[in-house]
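Data block below; observations after.
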Amino acid sequence: MAAAESERESPSDICSEFLSFSAKETASRWQAAADLQQEVYSHLALYVPRILCLGPSGGVSNREEQREEQREDLACQLLLLAPLEWLLLGEEPAAGLAQLQENNQPSPLCGHVFKVGEPTYSCRECAADPTCVLCMQCFLGSVHKDHRYRMTTSGGGGFCDCGDAEAWKKGPYCQKHTLTNGNRDSEEDSIAHLPADLVARGYSIFSIILKYAVDLLTWEQEDQLPAGLELQERGDNYYCMLFNDEVHTYEQVIYTLQKAVNCSQKEAVSFATTVDRDGRKSVRYGNLQFCEQAKSVIVRNTSRQSKPLRVQVMHSSVVAHQCFALKALSWLGQIIQYSDGLRRVLCQVALQEGLEGKSSSLVDRLMLNDSKMWKGARNIYHQLLMNSLLMDLKYKKIFAIHFAKSYERLQSDYVIDDHDREFSITDLSVQIFTVPSLARMLMVEENLMTTIIRTFVDHLRHRDLQGRFQFDRYTAQQAFKFGRVQSLVGDLKYVLINCPTEWTHDLRVKFLEGLDAFLELLKCMQGMDPVVRQVGQHIEMEPEWEAAFTLQMKLTHIISMIQEWCSTDERVLIEAYGKCLSALSHCHSGLPDGEQPIKLCLAGHSVETFRYQVSQDKVSIHLPVCRLLAGLHVLLSRTEVASRFPEQLPLGELSPPLLIELPLRCLVLCAQVHAGMWRRNGFSLINQIYYYHNVKCRVEMFDKDVIMLQAGASMMDPNHFLMIVLSRYELFHIFNSADVRKRYRETNKDVVQQNNTLIEEMLHLIIMVVGERYVAGVGQVEAFDEVRREIIHQLSIKPMAHSELVKALPENGNKETGLEKVIDSVASFKKPGVTGRGLYELRPEWNKHFNLYFYHYSRADQSKAEEAQRKLRKHNGDDTALPPPPPPPLCPLFASLVNLLQCDVLLAMEGAVLQWAVEPSGGGWTESMLQRVLHLVAMALLEEQQQLENSRGDEDVTFNFTCKITRPGEASTSGSVLALMESLQNAPHLEMHKDMITWILKMVANIKTMRQRTSSTSTVSLRQGQEPEEAVRDKDKAERKRKAEMARLRREKIMAQMSEMQKHFINENKELFQQSLEELEASTSAAAAESSLAILEPTCAPQVCVGPWRVGGAHHHQLVTCILCQEEQELRCHGRAMVLAAFVQRSTVLSKDRHRNLPDPERYDPLFMHPDLSLGIHTASCGHIMHATCWQRYFEAVQFKEQRRQQRLRGHTSYDVENGEFLCPLCECLSNTVVPLLPHTRSLDRSVHHPSLEVWFNTTSQQIAALQFYYRKCSGDSGEAEPEVPEGFRVDFNPQNLFSSSISAMITTFSMSTYKVGLKLNPNEQDHRVPVLSWSTCAYTIQSIERLLMDEDKPLFGSLPCRQDDCLSALTRFSSTCWTAAPLKTVHTHFFRLFTALVPDTLVENTPCILEVDMFHLLVYSVLSYSSMHCLDQSGRSVVDSAHLHLLHLVVIAHLVQILLTSTTEDVCMDQDSVGSQEEELTCQLYRALRKHLESVLPEVSSGWQLWRWVKAGVLPFLRAAALFFHYLNSTAPPADLLVAGSGQWEALCSYLSLPCNLVQLYHSHQTLLEPLIHSWCCHPTVRQTLQGGGARIRFPRESNSLIDLPEDYSTLINQASSFTCPRSGGDKSRAPTLCLLCGSMLCSQSYCCQTEVDGEDVGACTAHAFSCGAGLGLFLRVRESQVLFVAGKTKGCFYPPPYLDDYGETDQGLKRGNPLHLCLERYRKIERLWRQHAIAEVIGHAQEANQTLVAIDWQHL
Ligand SMILES: [Zn+2]
Ligand SMILES: [Zn+2]
Ligand SMILES: [Zn+2]
Ligand SMILES: [Zn+2]
Ligand SMILES: [Zn+2]
Ligand SMILES: [Zn+2]
Ligand SMILES: [Zn+2]
């Protein structure tokens, strides 16, 4: 590469050209020239290779590359484009363009081209089809923002349809794109408004430049240039150009490049990124051989598994010209933005036929070469087409014709090409075909419908002998091709999506021609993928079934749309019906021949049918021709013709038995699969049956089969129909003779069961055939009724969310289900809480429309619905009969269906089942069977009742079921159906059905009365005839009540047993017993309040928690139980160690400075916590206690299991065992260490005198001096005189260890955990920082809990959940003793330094300034380290408690000073003139004292009231935290005032802490002692510096951190994210923009470009950001997915529902539904609370435990 460098022309050469070059002169020279093209070409030939592509551009840094690009752009503009602009405009370009723009008539179309990820809006009420979208600007300015709209994110490409009158039924113009009167008519020629000479120049320049660009983009020679562009002197410079494909992965490309061109991983990633984005990239520059060599390596390396990567070695001048061609196209696109006239000139140039005649225009040439071009080139010319041809309505039409003419060729190219559809010219079909007028025009003039279908069929070549599609053995390559061909179906959908309102003769002809083509396609599908039942052996290989179903699914909408088209024109419908019928007879041609027909006889009827058995012969689930016919049949039934002149209908070409044959086989197949007869055929068949019924397919599969049976049955003798059904179900023999049945029953149990299921299924089928009338055309209903019935039945199962309902309903081509129109009429909406979603509930008045045998219920749905309905009825005190709802009347064409209900064969079947049911035992019948028969009987009775009600006299009622059921059955032994029913009414084994039978018998009685009345007096309402039954009903009710009481008692007994068992179970399976976080909190917080009140009962004497007057802390024996061995254990210093499972983590929840860098672990000195609290260590616990030994054994077992797991490489764990993580054995809470539980040891000795502050101060100073001297002496440095040692203080005393070895070991264990987590270092017991980190987690945890209680307005004491209470208590006691594990000298040294922070000592260096210390941490550390001093005092005259109190006083003073120094601002509100209180007076004095030291640095504040207010507010969090600390340290009961939130806090707090309410008094009472201290605090140089603005100033109280504010409307976020570009790859759109909820940064997640290294590993942007912003913990919002992401460290993460809800109270993770989303503040606060509670890691742990797939996700790459 270095060699090539020297050949580059130095930039200065070009620069000198700039100076001498004049664009104006060049332009005038060109104008004078005879042959303009020749002149321009020779100019380009000279300059293009000198400006562009001068050498290697990859491999150098990003910035250099960008600078290079800018230089190229500038040179192109000045040397190449400027002369063109001069020539075109004839004047200074800037002025000329301005002139053009003035006369420009902007297109009424918006035409905004969407970026990837940009929000798009579609109106569900007004859009012509779902492809019509608006950009955000237009949407906000349109009427649709108040309609029901859908929001999605664009995949890139496509444009805003604002201003297109055809795209919108209403409101096509937004405020900006309004159609004004000034707008030119689209017919008017916009060119006429331009000067003629400009137009002429425009034509010639546009044609030269466009031709140049087309020539070069379609140029295929690597080493030659088109005529006129050849170089005079050509160098030997080549590029090795790598092209994009969709076959090879990123990793493969990166790996190959590293090998082939010897580049670093980073360079290879950059190459690969560019190739992916632009479609090509040069990876090597140099001479021919050098490039060829790289090419061969790449090809060799990538050709193993697949076709090799495409690589070309191209001469640098070719590449340069291609680059310029792209720039020229962009230039054209810009120029035409200035003038609609010029835009039209360009359109004309582009579409002008070339010399080669048809399809030779420049646009045609581009389109036909589309698949050969690289991505970048395609993008640019597609964009130009959208800006020019598609923006001019006249030329859009002409372009559409060109497009349609080349359609077949373009599609074929696309199928072979491997780029995604969005990069193909074929994708423009959505812009053209969805315009209804264009689509119609193309259909009529270019026969588009037929062309699309034929092209589609041509590409599916795999056929069997009968010409049907055959997918069973198709290869991956064919699968790929099949995938691409499917886009043609999409095009067909666009063409058909808008139904014509008017038909012309031509349209009819072309549509029917298209229908012919479509029927050819369906014929290829009819009977495809047939199956044969497998007996004996399992199938060896699952047959391929998905392809056929994909095809079916894709075509479902098309089939529905074709029917819709037919429905709008009677003539078309009748013709289409005829065509479909003959297609079907063609399919049936092979059906009836073969063997002799068989004759069936039953109940006095006989019929002939063929010999065919589903269980033995071939059967296919794919019958699209039959089903289309069924659809058309229903449409015919809705026409006038059907009702008036049925004889004119083209029925009867096929006999009804033939019509029903195939659908019936299909339904029998389903029944047999249910009956378990096809078990050996594997999952493939199960899946097919599933999809056959599934909502995505059923409309054009299952539903239509039922309709076909209804159509057939309505044309046949009902008895014949039923006998054929019986025979196809292979059940004929069972009903034919009782003997056969008996024999079966005695022989084979399996067969009996099979037959039982088959009978159930068959009875269900009959119910559906007679009862399903909610299709317009079958019954007299509207589409509205149909949808409503679906919803009623869905809601009868259970209340449902909006999205669940949408999913359960079929969508039409417009993705509408009709749900919205209906839902409010049948259901009421219940809003969601903080979790869950909003639900719709069926209103009670609709319950009576419930049909147990609703045909879209699966068996599971059915039983759920039945249970729910029975429960409901019981609850309402009704009987539990679930009779069929009254059915709507049938259409005339289907009217005879009702006769099925009363035909002899059905009655015989009903009789048989009832007869069997008389015998209680014997597997010969089932309750479902009986239930179905009862349902059928009830249907018949309802029918009869309806007919009676609607008739005037008995005579015209043809339905006479009640009469028929009184006739005795055929078999001599059985009685009539009615008699059987009566005898079953009281059968004890039929308790379940009793209510239903009663219902039926009552109905029979009713009808009898009705018949009698109608025969006597013709009009009597039947409702009146019910009074005598009142008594019966009362009796019924009493009986039911008694039964209900019995049932209740039984239930209670069972419940008691259950709960006993449950208790037992929980004890036995503790590991399994798990409670969610919230449940735990809710249950324990109440308990905690109780227990703390009970144990620590508040007394009347003031409670004091610190100092010599403190109360509490007496020895009380504490018993705890180990959750592992269940043994009880007393806490004792020398006993067995008990531990608490705990989780230690770094935290930035309280951080006031997120930008502070993480400390260097080796050198970090944690002794003084900075008041910005930028990084803390938090400890939490689930509160579960174990023996240390039990825990150790448990943890070893976990480790062992993990080792085994790793060996077997199976499964994942949600916790990192190597890092000491484990799950609490009881609650599975994530833990990484244990806290030892320590007994309380320090009792109070009231006999000792409490020294004053001065005395104590002096003693302590002396002690320190003595110790320091002693340590210096020990290290051999003793030059000075020995200081005075206080009496009884023994510097060399060595206290004995208080604790047993097991407790000491646990103290070390936990110390090491905080050390490891806090510093990210390997454990090192010798490190002097160990005790500091233990104290630190105690202080930080208390501080964060204090904040939490404050933010949630909870009382300081009594409101913490048990587990937190236990945790804090254990933590505090631990930290007070952890010094015993460290060398005394270490702890002493810490104390000395802490003490000097309060009492500055000029001799000690590096004392922090008072503004750099968090006072609470200082208090905790000094109190806890003081014990190490105290233990040396053997005088017996001092108490540790006095020291604590003095330390507290000192720290409080320091904190007051700190607050006064930082809180003041310049703008002090003026004091009211009244005389201040004592507090205010004293505060003023103190402030004045401070000002004395600092003078002008502190502003003057005269308002004592203001100062005192600041002090009080600023010190409160400290006092609260201190109260918590001493409460846990000394086990002092809290005062009653602090157990409730609200007022009175201050006084209670001060007295609890043994402080005066007027805090400043502390200062005044010890002024002489404190004055020098204050002086030295203020004189620290950093104080002055900070106050003058030199450092970050922390003000008190520190405000609690919150998550960032989110916008109310989610689309604001999407829009924000769509304009976010990746910060690393210069202006590229980020694919997964992700928002940090802690600081508001937007990140480019999940992408190579933004990976960085953290601790030697590549991690994605989110993980990297989490480390810097949240110390490893991150909360993000993935904007494009509408999903919250939690990450913890590198390996853990989970997704969490976003705080955005739609109007139905549902989230939309993945933005799939597109309903408008709005912020739900409560949910957002909940997430914030999780974060503040430090519960995120735990949430992740639980999520990963619950869902193993989460563990496998590569969180670190997000
Ligand atoms: Zn727009
Ligand atoms: Zn607009
Ligand atoms: Zn609208
Ligand atoms: Zn134990
Ligand atoms: Zn636990
Ligand atoms: Zn990026
Ligand atoms: Zn952040």
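Basis for what follows: all heavy atoms, side chains included, without hydrogens, waters or symmetry-related copies. Ligands are counted one by one from 1 in listed order, and the atoms in each one are counted from 1 as well. None of these values were measured; they are calculated from a predicted model.
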*CG-CD1 distance between Leu1675 and Ile1736, expressed to the nearest 0.5 angstrom*: 4.0 Å
*Protein N, O or S atoms less than 2.8 Å from the Zn ion (ligand 1), ignoring waters?*
Cys110 SG, Cys135 SG, Cys138 SG, Cys160 SG
_Please determine whether side chain to side chain contact (heavy atoms under 4.5 Å, CB included) holds for the pair Ser154 and Lys115, giving the CA-CA distance in whole Å, both sets of side-chain angles, and the decisive distance to 0.1 Å._
CA-CA 7 Å; Ser154 170; Lys115 292 174 290 205; over 6 Å; no
*Please walk me through it: do Glu125 and Lys145 pass salt bridge (charged side-chain N to carboxylate O under 4.0 Å, His left out)?*
CA-CA 11 Å; Glu125 290 165 25; Lys145 69 173 188 293; over 6 Å; no
*Is the closest side-chain donor-acceptor distance between His382 and Asn379 under 3.5 Å?*
no
*Do His112 and Phe114 have ring centres separated by under 6.0 Å?*
yes
*So, Tyr121 versus Phe139, ring centres under 6.0 angstrom or not?*
yes
*Would you sort out whether Thr1179 and Phe1310 count as a side chain to side chain contact (heavy atoms under 4.5 Å, CB included), showing the intermediate values?*
CA-CA 10 Å; Thr1179 302; Phe1310 183 66; 3.9 Å; yes
*asked:* Working note: Glu1221 + Lys1692, criterion salt bridge (charged side-chain N to carboxylate O under 4.0 Å, His left out); need CA distance, chi angles, decisive distance, verdict.
replied: CA-CA 12 Å; Glu1221 291 183 352; Lys1692 284 193 229 131; 2.9 Å; yes
*Residue and atom, protein N/O/S, under 2.8 Å of the Zn ion (ligand 6)*: Cys1622 SG, Cys1644 SG, Cys1649 SG, Cys1650 SG
*Check whether any side-chain heavy atom of Thr1314 lies under 4.5 Å from a side-chain heavy atom of Phe1374, and answer yes or no.*
no
*asked:* Using salt bridge (charged side-chain N to carboxylate O under 4.0 Å, His left out), reason through Arg1136 and Glu1127 one step at a time and then give a plain yes or no.
replied: CA-CA 12 Å; Arg1136 287 174 74 186; Glu1127 258 173 52; 3.8 Å; yes
*Three-point angle Cys1182:SG, the Zn ion (ligand 5), His1184:ND1, rounded to the nearest 10°*: 110°
